[in-house]
Trainee: 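If you scroll down you'll find the structure; I have some questions about it.
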Protein chains: 2
Amino acid sequence: MDKLRIGIYGATGSVGLEAIESLVNHPWFEIAHLYASERSAGKTYKNACSLDTSSLPENISEMIVEPMNMDKIPEDIDVAFFALSEDIAKEYELKYAHKFAKRLPVITTSSALRMQEKVPLIITEVNADEHLKLAEDYRKEFNSKGAPFPQCNCTTVPFAFALKPLLETVGVEVAFMSSYQSISGSGAKALKKWEEERLNEKGLPKPFQYKSIVKDPEVVYEGNVRPIGVKDSKDEEGKVILETLKILGKYKEGSIIPASFTVDCMCNRVPTFRGHYEHIRVKPVKPCSTEDVIEIYKDFNKRCKALYGDLPSSPEEHLIILDRQPQTRFDVTLGDGMSIVLGEIEVKNGWIKLRALSDNLKKGAAKGSIQLIEYLYKIGFI
Amino acid sequence: MDKLRIGIYGATGSVGLEAIESLVNHPWFEIAHLYASERSAGKTYKNACSLDTSSLPENISEMIVEPMNMDKIPEDIDVAFFALSEDIAKEYELKYAHKFAKRLPVITTSSALRMQEKVPLIITEVNADEHLKLAEDYRKEFNSKGAPFPQCNCTTVPFAFALKPLLETVGVEVAFMSSYQSISGSGAKALKKWEEERLNEKGLPKPFQYKSIVKDPEVVYEGNVRPIGVKDSKDEEGKVILETLKILGKYKEGSIIPASFTVDCMCNRVPTFRGHYEHIRVKPVKPCSTEDVIEIYKDFNKRCKALYGDLPSSPEEHLIILDRQPQTRFDVTLGDGMSIVLGEIEVKNGWIKLRALSDNLKKGAAKGSIQLIEYLYKIGFI
């Protein structure tokens, strides 16, 4: 069987590296081309990439990076993976993603396309079936062999995943979420900044001892609970809300009708390296018990295993239900970062409450998208 | 005017030191005695206390620590401040607090007495008026000149404070809270443990790379979102819920009828040094707008200033309303740790949402209790 050939655009950034790592020794796919800016072009990948590439096998780390000329779609790739850094992603995706998608499936990891009407927004186990109908329409409308497949926000992943099994059983009237997001969710520059702060810190990160309000606090990650944006979290929260409702929506006549329950979230960054931790509260439509909810999640996990368990990037357990509280540092790598970890599930005062943890750099990023390509390939969509 | 004389029990622990710091150069109070275990007795305070006492003036750091013989109530103190460490607090408070309280006002900072029926539970600005009725009953019943005054859990403080102004205006039907609690809330030993973890950490605190579930994770603070208890947060959450309803309850015929709205919280520890940060959601009984809620808090702050603004430990603003999100490291010391800092207040989907930050080592601990003694002194209760 010939392997599916994947071209990675923006290969030298952190998302590019994660995509590459997810494709090392892949049984179904191979990396056809690594594209990056002119500055990197012509160099070996390990020389062009400023991140830690030591885990890559030689046949990949020695690949020559090619210049990213997106006006020309390569003939010899089956899937394009746009792993563009946030500063150029919006411009490039709006300009090129649909052009590519009219020829072949395009994965994008940034936000530009997510809320477009004709574009599916898929977390494989949560809504691949429903949203693929949009992708089929796309193919018909544009007489295309492709379709665009944006990856949703990494904060949306555990929330939408935890809501889906409830939505289709006990129903959801209201869903609230509070996030404890890791600094890697803010990218490689933020991690670098955090590392510098830690090097300059003497002892424990005590308060700064301000006696009057600082109008515009500088960005400080260490020892701080801070907003996702510069002064608040509204942009992130708005994205998570809209994406969640779209992901859990139903296909109808060429578009997705968003789910119609009340949803809101409050997002914060905390000094953890990796893993987005969430407090989730759901008011179900039908009354249920703690045992019911645990059973619902166990059933959903069984269904995930039956439908998606054979995908190379799928974990052994799609949902892990702990009998203790999840902890970021101990549990984020379970299932090689592809499991959603739930804990302290309880029904109280008529509300379901639980904690969810997901790896923002794997399930919530490139590897989550690779898993989707695997599914598309398995069902013959690619 | 003679100063009120305060005896501090458990003076060499972290709460003891905070009580002492709150009393340095106090215009109304003076430290009469410092009591601690046999091990410390006879030493100067600075030699007996293993914490950083360098900020204390010489007349205090050179005070001789006396042995803690609680079977005898000293004649020459007006108030007893029990700052006992958690490991002995329960036993000692249950054994001695009421005995002392039948002679003089007793402050306690641990949890043993908080939920006792005849014991008031006061956050000065929130409920001093209502709960003092219990203290008056106590005096009558025991023909006492005292009464016990436990300090509530530090996590309860910003939550109950944020709820009070809403409860008495728009009403509260449901209140939810998610906490981002600092490590100092877990005491001096936890801070020491965290410091050691940081010294052993090379670079950023990456995940531990477990591939299967760890049944009983060891305690790790660095780079982790972890429970307040060993494996979950239920004990802490239970305390916060009961205390909040008691604090916001109404006096009726010798006891406090707890407030009757639905309240729940989810508590977690994050790697911050000092300051408990909370996401609060309230479903009000009466519809209201964001502007209404901001106005309600501004009014409440004005009332606090009128009633409690002249207490030496009161901040200039009891409630600080930011036009940005609070941040632990920048905002926790506002009002010398005695202000409750609110931000990103919004009414959405019929729910009030906001973020609250409070200093768990000042307003949420010894200095909060000193402020209460000041109030009792001012109104002539002491």
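Naming: A, B, ... by sequence-line order, numbering from 1 per chain.
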Trainee: Which bit of B:Leu354 is near chain A, if near means a heavy-atom gap under 4.5 Å: side chain, backbone, both or neither?
Mentor: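 Just its backbone gets close to chain A.
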
Trainee: Less than 4.5 Å to any heavy atom of chain A: does that hold for the side chain of B:Glu222, its backbone, both, or neither?
Mentor: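 Both the backbone and the side chain of B:Glu222 come within 4.5 Å of chain A.
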
Trainee: Non-hydrogen atoms of chain A under 4.5 Å away: do they reach the side chain of B:Ser339, the backbone, both or neither?
Mentor: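 Neither part.
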
Trainee: Answer with side chain, backbone, both or neither: which region of B:Glu195 has an atom nearer than 4.5 Å to a non-hydrogen atom of chain A?
Mentor: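 It is both, since atoms from each part get that close.
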
Trainee: Could you tell me whether B:Glu197 and A:Arg329 have a side-chain N and a carboxylate O separated by less than 4.0 Å?
Mentor: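 A salt bridge is absent here (no side-chain N lies under 4.0 Å from a carboxylate O).
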
Trainee: Could you check if a side-chain atom of B:Asp264 sits within less than 4.5 angstrom of a side-chain atom of A:Lys348, using non-hydrogen atoms only?
Mentor: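 Result yes, sub-4.5 Å side-chain heavy-atom pair found.
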
Trainee: Taking ring-ring contact (aromatic ring centres under 6.0 Å, His included) as the test, write out the residues that go with B:His279, two or more places apart.
Mentor: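 Result, ring-ring contact (aromatic ring centres under 6.0 Å, His included) vs B:His279: B:Tyr180.
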
Trainee: Over all heavy atoms of both residues, which pair between A:Glu218 and B:Phe330 is shortest? Give the atoms and the distance, please.
Mentor: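 Shortest heavy-atom separation between A:Glu218 and B:Phe330 comes out as O-CZ, 3.5 Å.
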
Trainee: Please flag which part of B:Val263 lies under 4.5 Å from any non-hydrogen atom of chain A: side chain, backbone, both or neither.
Mentor: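 Interface part for B:Val263: backbone (N, CA, C, O).
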
Trainee: Among A:Arg355, A:Arg226, A:Glu346, A:Lys353, single out the residue with the greatest number of heavy-atom pairs under 4.5 Å to chain B.
Mentor: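 Top option by heavy-atom pairs under 4.5 Å: A:Arg355.
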
Trainee: Please report the C-alpha distance between A:Tyr277 and B:Asn268 in whole Å, then the side-chain angles of each, then the deciding distance to 0.1 Å, and finally whether the side-chain contact (heavy atoms from CB on, under 4.5 Å) criterion is met.
Mentor: CA-CA 10 Å; A:Tyr277 193 100; B:Asn268 273 92; 3.5 Å; yes

Trainee: Could you check whether B:Asp232 and A:Gln325, counting side-chain N and O atoms only, form a donor-acceptor pair closer than 3.5 Å?
Mentor: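 B:Asp232 and A:Gln325 do not have a side-chain donor-acceptor pair below 3.5 Å.
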
Trainee: Based on non-hydrogen pairs under 4.5 Å, which of B:Ser212, B:Pro315, B:Pro217, B:Pro271 is most in contact with chain A?
Mentor: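 Top count of heavy-atom pairs under 4.5 Å with chain A: B:Pro217.
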
Trainee: For B:Arg198, which atoms come within 4.5 Å of any heavy atom of chain A: side chain, backbone, both, or neither?
Mentor: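 Side chain only.
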
Trainee: Are A:Asp323 and B:Lys215 ion-paired here, with the side-chain N under 4.0 Å from a carboxylate O?
Mentor: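 B:Lys215 and A:Asp323: not salt-bridged.
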
Trainee: Given the options A:Val225, A:Ile320, A:Asp331, A:Thr328, which has more heavy-atom pairs under 4.5 Å with chain B than any of the others?
Mentor: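 Heavy-atom pair counts peak at A:Val225.
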
Trainee: Could you state the interatomic distance from CE (A:Met266) to OG (B:Ser178), rounded to the nearest 0.5 Å?
Mentor: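 Going from the CE atom of A:Met266 to the OG atom of B:Ser178 covers 8.5 Å.
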
Trainee: I need the contact set between residues 201-210 of chain A and chain B: heavy-atom distance under 4.5 Å, sorted by residue number.
Mentor: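 A:Glu201, A:Gly203, A:Leu204, A:Pro205, A:Lys206, A:Pro207, A:Phe208, A:Gln209, A:Tyr210 fall under the 4.5 Å cut-off.
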
Trainee: Look at A:Thr262, A:Ile213, A:Asp216 and state which one has the largest set of heavy-atom pairs under 4.5 Å with chain B.
Mentor: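 Looking at each option in turn, the highest pair count goes to A:Ile213.
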
Trainee: Please classify the contact of B:Glu237 with chain A as side chain, backbone, both or neither, using a heavy-atom distance under 4.5 Å.
Mentor: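 Side chain only.
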
Trainee: What I'd like to find out is whether the side chain of A:Gln327 reaches to under 4.5 Å of the side chain of B:Val219, using heavy atoms alone.
Mentor: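 Of all side-chain heavy-atom pairs linking B:Val219 with A:Gln327, none is under 4.5 Å.
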
Trainee: Counting only heavy atoms closer than 4.5 Å, note whether B:Leu322 contacts chain A via side chain, backbone, both or neither.
Mentor: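 The side chain, not the backbone.
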
Trainee: Answer yes or no: is there a side-chain heavy-atom contact under 4.5 Å between A:Arg281 and B:Arg281?
Mentor: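 Not in contact.
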
Trainee: Examine whether an atom of B:Leu357 lies under 4.5 Å from a heavy atom of chain A, and if so say whether it belongs to the side chain, the backbone or both; otherwise answer neither.
Mentor: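 For B:Leu357, no heavy atom lies under 4.5 Å from chain A.
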
Trainee: Checking A:Pro326 against chain B: side chain, backbone, both or neither under 4.5 Å from a heavy atom?
Mentor: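 The backbone, not the side chain.
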
Trainee: Select one option (side chain, backbone, both, neither) describing which atoms of A:Val332 are under 4.5 Å from chain B's heavy atoms.
Mentor: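 The answer is the side chain of A:Val332.
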
Trainee: Among A:Ile183, A:Asn224, A:Thr272, A:Val230, single out the residue with the greatest number of heavy-atom pairs under 4.5 Å to chain B.
Mentor: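 Most heavy-atom pairs under 4.5 Å with chain B: A:Asn224.
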
Trainee: Heavy-atom distances under 4.5 Å only: say whether A:Glu316 touches chain B with side chain, backbone, both or neither.
Mentor: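 Neither the backbone nor the side chain of A:Glu316 comes within 4.5 Å of chain B.
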
Trainee: Check each atom of B:Val270 against the heavy atoms of chain A and say whether the ones under 4.5 Å are side chain, backbone, both or neither.
Mentor: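 The side chain, not the backbone.
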
Trainee: Which heavy atom of B:Glu344 sits nearest to which heavy atom of A:Ser233, and what is that distance?
Mentor: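 Here B:Glu344 and A:Ser233 meet closest at OE2-N, 3.5 Å.
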
Trainee: Among A:Trp351, A:Trp194, A:Phe176, who wins on heavy-atom pairs under 4.5 Å with chain B?
Mentor: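 Highest number of heavy-atom pairs under 4.5 Å: A:Phe176.
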
Trainee: Any idea which of A:Val174, A:Leu199, A:Leu334, A:Val220 has the most non-hydrogen atom pairs under 4.5 angstrom with chain B?
Mentor: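 It is A:Leu334.
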
